[in-house]
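First the structure, in the form of structure tokens, and then the observations on it.
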Amino acid sequence: MSEPSDPEPDADPDPDRLARLDRRHLWHPFTQQQGWTSEPGPIIERAEGTTLFDTDGRSYIDGVSSLWCNVHGHRHPVIDAAIRSQLDRVAHSTMLGLTHAPAIELASRLCELAPAGLTRVFYSDSGSTAVEVALKMAFQWWAQRSEKGSSRRRGYICLRDAYHGDTLGSVSVGGIDLFHACYEPLLFDAWRVDPGDVGQLAALLEDRGAEVAAMIVEPLVQGAAGIRVQPPGYLRAVRELCDRHGVLLICDEVATGFGRTGKMFACEHEGVAPDLLCLAKGLTGGYLPLAATLASERIYDGFLGKHEEWRTFFHGHTFTGNPLACAAALATLDVFEQERTLERLAPKIQLLAALLEQLVEQLPAVREVRRCGFMVGIELGGFPAAARIGHQVTVAARREGAIIRPLGDVVVLMPPLAISEHDLGRLVAITARAIAEATTPGAQSS
Ligand SMILES: Cc1ncc(COP(=O)(O)O)c(C=O)c1O
């Protein structure tokens with residue numbers, strides 16, 4: 001267990017009362033509540049940099065960036081100040097029929113940063129909604145085109161084991177049976193191809209390309225599938241095949257965007273510009289819910305027309321383009337520049353790779369370590385599902401002072417880009433000890 005940390009936690013919160021109320025009233029996402037209610041978990045009270053503190057004053061490295069979204073650390077003075085300053089002006093104002101400076105400035109900055117040709121920004125509030133928006137835009141764009149055959153383009157291609165969020169459109173182009181199979185009767189059909197298999201995609205497009213509106217991919221690495229890394233050149237080949245068959249390409253960079261893979265956007269590794277780009281998570285540095293779907297001018301033009309032609313994109317959420325969130329996003333981009341985050345990330349990625357190399361040799365339970373930039377999946381092998389081995393590792397890691405979260409038997413590490421080399425070393429060491437503890441017979445925690 002990690003030592004109680006300095007400074008002392010507030011005397012105010014009564015952890016026992018909070019725990020009781022949590023168990024009585026909360027329903028946590030992706031959580032079997034039956035187990036949750038009998039298992040004590042930390043109640044996070046505050047954070048500093050890349051460290052989280054619970055109500056008992058224990059400290060933990062934020063090993064999964066608060067669900068893959070924290071970038072520059074918690075309570076970053078620049079981001080905090082930007083939100084406070086915006087709070088003194090207006091916390092929320094609608095984007096339907098009105099506009100505001102933070103949304104305008106951010107849209108302009110995003111278009112400058114994004115792969116070439118993405119010139120329009122449509123805001124929403126989560127990764128799932130950014131994907132819904134892209135799917136609907138692609139569908140409506142084809143529906144509104146006048147050339148022969150465009151009305152046949154109603155289908156989507158996605159990757160096997162894809163994850164694009166939990167709303168029904170996103171689930172329709174997802175492929176993680178455990179999460180998605182139950183909803184099958186509610187979903188629209190999509191063609192699924194094996195990631196990395198160019199020939200299979202080429203054959204499908206040859207056969208059905210004229211019926212495809214868009215293909216959606218998580219570029220370079222499929223996160224929720226268990227950090228599955230695609231072979232180099234695959235994304236480029238996907239872009240070329242989509243172009244050859246007139247299919248729109250949607251890149252979902254909800255997980256990979258904002259430096260996660262070592263470049264600002266994963267698409268940059270292969271010089272690919274999609275027609276639609278989905279961003280969320282790291283967009284606000286992980287501070288506030290905000291998402292953006294970036295579109296090319298060609299897509300945007302397809303929605304223009306007289307009012308009574310009804311080519312409008314009839315979609316918009318209440319908190320779309322929230323000013324506080326946009327202010328946080330602008331400050332996040334400022335910090336990327338001021339702190340040269342991507343430059344300073346490169347040696348940390350090398351260090352992470354070197355630290356992980358030793359894991360496979362040291363720990364017999366480790367079947368494979370997969371990594372792309374600062375996204376890591378450590379797959380453990382040989383355990384029955386009931387052992388919940390990934391979960392046991394995270395419980396052991398917590399006792400040692402790190403918060404991590406598995407995907408089944410894959411232990412995921414996804415530290416904030418701002419993590420120090422020292423804490424990166426600690427995170428990997430804690431994870432290794434937790435794997436050893438949880439996978440050694442007799443040493444397993446309950
Ligand atoms: C690639 C990808 N797309 C979409 C989403 C959904 O994002 P959100 O949870 O913000 O809806 C996620 C979430 O992990 C993701 O990894």
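Every value quoted in this text rests on a predicted model; they were computed, and no experiment measured them. Whatever order the structure lists ligands and atoms in, that order sets their numbers, starting from 1.
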Is the NZ or CZ atom of R311 positioned over F303's six-membered ring, under 6.0 angstrom from the centre and within 45° of the axis? no

Donor-acceptor contacts under 3.5 Å from residues 213-229 side chains, at least two apart:
residue	atom	partner	partner atom	Å
E218	OE1	G223	N	3.0
E218	OE2	Y163	N	3.0
Q222	NE2	R160	O	3.0

Quick one, list the residues around ligand 1 where some non-hydrogen atom comes in under 4.0 Å, by chain and residue number. W68, S126, G127, S128, Y163, H164, G165, E218, D252, V254, A255, K281

Considering all heavy atoms of both residues, which atom of A82 and which atom of A331 are nearest to each other, and what is their separation? CB-CB, 3.6 Å

If a pair satisfies salt bridge (charged side-chain N to carboxylate O under 4.0 Å, His left out) and one of its residues is in residues 270-296, list it, with sequence neighbours excluded. R239-D275, D275-R298

Can we say K348 and E421 salt-bridge, meaning some charged N sits less than 4.0 Å from an Asp/Glu carboxylate O? no

Please list all pairs passing the salt bridge (charged side-chain N to carboxylate O under 4.0 Å, His left out) test where one or both residues lie in residues 102-116, with sequence neighbours left out. R109-D334, R109-E337

